[in-house]
2 protein chains.
Amino acid sequence: MARLAGSSKLLRAMNESATMALLIDRGTLTRGELRELTGLSKPTTSDVLRTLTEAGLAIVVGHTSGGPGPNAEVYAVNPAAATVLAISVRDVSETLHAPFEAALCDLGGAVLARAAYPSDPADGDPVGTVRAIAGDLCARAGLAGDRVTHLHLGVPGSYDPGTGAIRHIDVTGWGRPGLVPELAAALGVTVEADNDVNLAAIAERHRGAAAGSGSFALLWLGAGLGCAIDLGTSLLRGATGGAGEIGYVPLGLAAPGQPRDLQSLAGGPAVAALGAAHGFTGATPEEMVADAARADSPAAADFLAALADRIAVVLAVVAALVDPPLVVLAGEVAQAGGPRLRDLVTEAFHRNTPLRTPVEVTALTDDAVLLGAMDSGLRSVRESLVDSLNARPIPGPVLRSA
Amino acid sequence: MARLAGSSKLLRAMNESATMALLIDRGTLTRGELRELTGLSKPTTSDVLRTLTEAGLAIVVGHTSGGPGPNAEVYAVNPAAATVLAISVRDVSETLHAPFEAALCDLGGAVLARAAYPSDPADGDPVGTVRAIAGDLCARAGLAGDRVTHLHLGVPGSYDPGTGAIRHIDVTGWGRPGLVPELAAALGVTVEADNDVNLAAIAERHRGAAAGSGSFALLWLGAGLGCAIDLGTSLLRGATGGAGEIGYVPLGLAAPGQPRDLQSLAGGPAVAALGAAHGFTGATPEEMVADAARADSPAAADFLAALADRIAVVLAVVAALVDPPLVVLAGEVAQAGGPRLRDLVTEAFHRNTPLRTPVEVTALTDDAVLLGAMDSGLRSVRESLVDSLNARPIPGPVLRSA
DNA sequence: CAATAGTAAATCTACTTTCCTATTACGCGA
DNA sequence: TCGCGTAATAGGAAAGTAGATTTACTATTG
């Protein structure tokens, strides 16, 4: 219930924040458009823009033309005001991917450099690894090494802010307690870490199947199962960062011969076993599913139908508990199954439950985790930038939101 | 990302809102305390309080004494500024309760009148029923009938704001589409409806086992199963108000002889069947559980252990997907089982999963749904009151939060 | 008599309104 | 087609206003 109180200083800070937020959201705006959008007067808008420009946060990127009168100056956020380093850390024991994929982007969202690192540049020392990646990408982008403002990590595990540790991660060196604050101290930047599935959901919201949806849930079907619950304004993370660990959901009382939990019903190994039982011989579950999705045989249809039945169970768990307006199927298996699998899942879902949650497959083909880390890092940097404007000039004790 | 912009009018509005919010949160405050808490100067604090007092929102409730100097005036929210009518609507087909229980409370939270209605005063016409209850309670409280500001309904079903209808409700007349807006129009007050389990969770947070917890999940074990997910600032409601309908969670692929979903594993009928199989003869599941919890026999121990195994499955579903810092067991069955059942559930939970979510039983003995409806209605009225102060004097176009 | 509550007067910050100038596109006549 | 007047717009300057703060003062109480 707490509300902010303050004096004219606060007002100015709020108006600067509002202006900056609009520039970030809309990209480019003229003074006149800003005046309209903020409701502020012409002199105030000018004054605020002057301040932002002098602080290096906004720049003039061009002029209008065409209409009568002088050409209005077009303002935009200064892309160089912040640089985000996004790194996707992967457990390579079960995939063929590189263990690290990274990208550098500016405040405007433009990708300045991007690379995959097939081997660990510092061999088990995360601080060294990050330093090496940062140095390499900055060099490629022609940037001074100290220009990075924020590091955003995508990790196969959950980040527990309480201990500063990334849990359930199998990459050497990355599981140690306090790693995230340690990185922040060593590099002198803000550091955030998030679960890979959560980041895939963020990418899906920004540029995938969930664009425009108020909230949604992302069901990750890969070697492991995962679920990201997007609440619209933020993701559900849980008390210890463990929300969405849907593989642990039990299937009733332990009974011999029955799958014990959702992981053993619909996880990668279960999918592979199901595929093998239907005569598919791919090296990975997703390969089998891709083969079946392309094939026109009864075996393929049977395999996909059986798989859809299982996925529908997972879907029903999420739909019953969270009731999202949309569920997006993602991960290697869902991607391999494509729209054909989606339709079978929808059908099985409707056949077995009274729920009617819409289902989609991911619209992303690129590395969703890296994209999500960029999107999430950008959001974080932008928000802290806008909020720092608001926090700066307040002298006395001030109420902040509860 | 949108941030508010404005001029001095907004500042004044914000300072009034902040002051009012503090009065609501802290109860009684002197000018000096308000000055400290808001960070505003003495004259501004005085001016704001004068405005609030003249608007009838704040009143002087006393004076300090003891220290040197003049006695400071003690301010508080004017309790008469708003009156909340809370009604708990129940499906009586499965219980012995009255179908309607209602309470009237003022802005300060004091209960002005409260009553149970063993029969429907308007027999299937919700508008008439509410009008009759409102009239009766106002008369008991010695209040004019038009003083009610807000109506908060607790219903056994889910409220879908999209259609204005309460879904899955079995009380005659209460399921029709558009009922909530209809009530609002007929009574001239704001109306909100919420699921009974959600309201029980709100009561649990305000005065029960979850007081002080940042967020938590409430597991409702009664005739039906339910789950409320408190995110700290709000409850998870879902796209159609159906979040937490945990009874629908399937237990794997349909298999003959196996319970199909959590409802058939741990719902009221399943508990009753389990109790009967262990030789208990109570009329309701909660009666059997209460008998067993009191008994010292091997049959009782077996029954409770078997029940705890089942509840632990439900618990694991919630814990794996949501990872709350606390789960509170509530509802008739949990209440009947008490701490003994809680301990057995915790043990079964630890035995069967790697999760370690803390578990508690409800600390409420009174009608949790009615209390929750009061708490929720109060919160709603208070927030709209504070926000209306903020919204009032703004003339031009103004940015609101996204 | 010392400390505190509350008010009054003067000052300051930041926003708005009003007015002014410079710039551009367009139309019209030569 | 060129040149000039006109309308419309961008941006800034000056004056005025709302609301907050600081400082000083009065009244009250132990």
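Only a predicted model underlies this, so the values are computations on that prediction, with no experimental measurement involved. Letters go in sequence order (proteins before strands), and every chain restarts at 1.
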Calculate the interatomic distance between [X] atom [atom1] and [N] atom [atom2]; express it in whole Å.
X: A:Tyr75; N: D:dA10; atom1: OH; atom2: P; answer: 13 Å
X: B:Leu49; N: D:dG19; atom1: CG; atom2: C1'; answer: 16 Å
X: B:Arg35; N: D:dT22; atom1: CZ; atom2: P; answer: 10 Å
X: A:Leu34; N: D:dG11; atom1: CG; atom2: P; answer: 11 Å

Quiz item: Given that A:Val48 and A:Gly67 both sit by DNA chain C, which one's nearest nucleotide is further toward the 5' end?
Solution: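 Closer to the 5' end of DNA chain C: A:Val48.
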Quiz prompt | Minimum-distance pair of heavy atoms, taken over all atoms of A:Ala76 and A:Thr28 | solution =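 Reported closest heavy-atom pair: CB-CG2, 4.0 Å.
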Self-check item: Segment of DNA chain C, first to last nucleotide, that comes within the 4.0 Å heavy-atom reach of chain A
Solution: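 The footprint of chain A covers C:dT13 to C:dA25.
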Self-check item: Close side-chain approach of A:Thr53 to A:Ile59, heavy-atom, < 4.5 Å
Solution: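 No, every pair of side-chain atoms sits at 4.5 Å or beyond.
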Self-check item: Heavy-atom side-chain proximity of B:Leu23 to B:Leu29 below 4.5 angstrom
Solution: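 Yes, at least one pair of side-chain atoms sits under 4.5 Å.
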Quiz item: Within the structure shown, what part of the strands sits under 4.0 Å from B:Ser41 by heavy-atom distance: base, sugar-phosphate, or nothing?
Solution: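 The answer is base, as B:Ser41 lies within the cut-off (heavy atoms under 4.0 Å) of a base atom.
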Quiz item: Reckon B:Asn15 touches a base, only the sugar-phosphate, or nothing at all at heavy-atom distances under 4.0 Å?
Solution: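 It contacts sugar-phosphate atoms only.
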Quiz item: Is it the case that A:Ser46 and A:Arg31 place a side-chain donor and acceptor less than 3.5 Å from each other?
Solution: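 Their side chains do contain a donor-acceptor pair, which is all the 3.5 Å distance test asks for.
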Quiz item: Between residues 52-66 of chain A and DNA chain C, which residues have a heavy-atom gap below 4.0 Å?
Solution: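 Of all residues in residues 52-66 of chain A, the ones placing a heavy atom under 4.0 Å from DNA chain C are A:Gly66.
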Between N or O atoms, less than 3.5 Å apart, protein on one side and nucleotides 23-28 of chain D on the other: list the pairs.
unit_1: D:dT28; atom_1: O2; unit_2: B:Pro70; atom_2: N; d: 3.3

Self-check item: B:Thr30 (side chain) donor-acceptor with B:Glu33 (main chain) under 3.5 angstrom
Solution: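 Yes.
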Quiz prompt | Check ion pair A:Asp375-A:Arg205 (N to O, under 4.0 angstrom) | solution =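 Salt bridge: no.
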Self-check item: Electrostatic pair A:Asp366:A:Arg114 at N-O distance under 4.0 angstrom
Solution: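 Salt bridge flag = yes for A:Arg114 with A:Asp366.
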Please list every donor-acceptor pair under 3.5 Å in which a side-chain atom of residues 141-148 of chain B meets a protein atom from a residue at least two apart or in another chain.
unit_1: B:Arg147; atom_1: NH2; unit_2: B:Ala80; atom_2: O; d: 3.2

Practice problem: Compare side-chain N and O positions of A:Ser46 against OP1 and OP2 of D:dG12 and report whether any pair is under 4.0 Å apart. | Solution: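 Result: yes.
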Quiz prompt | Interface residues of residues 24-33 of chain B with DNA chain D (non-hydrogen, below 4.0 angstrom) | solution =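 Within this stretch, nothing sits under 4.0 Å of the strand.
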Self-check item: For A:Asp47, all residues meeting salt bridge (charged side-chain N to carboxylate O under 4.0 Å, His left out), sequence neighbours excluded
Solution: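 If we apply the salt bridge (charged side-chain N to carboxylate O under 4.0 Å, His left out) test to A:Asp47, skipping adjacent residues, the hits are A:Arg12, A:Arg50.
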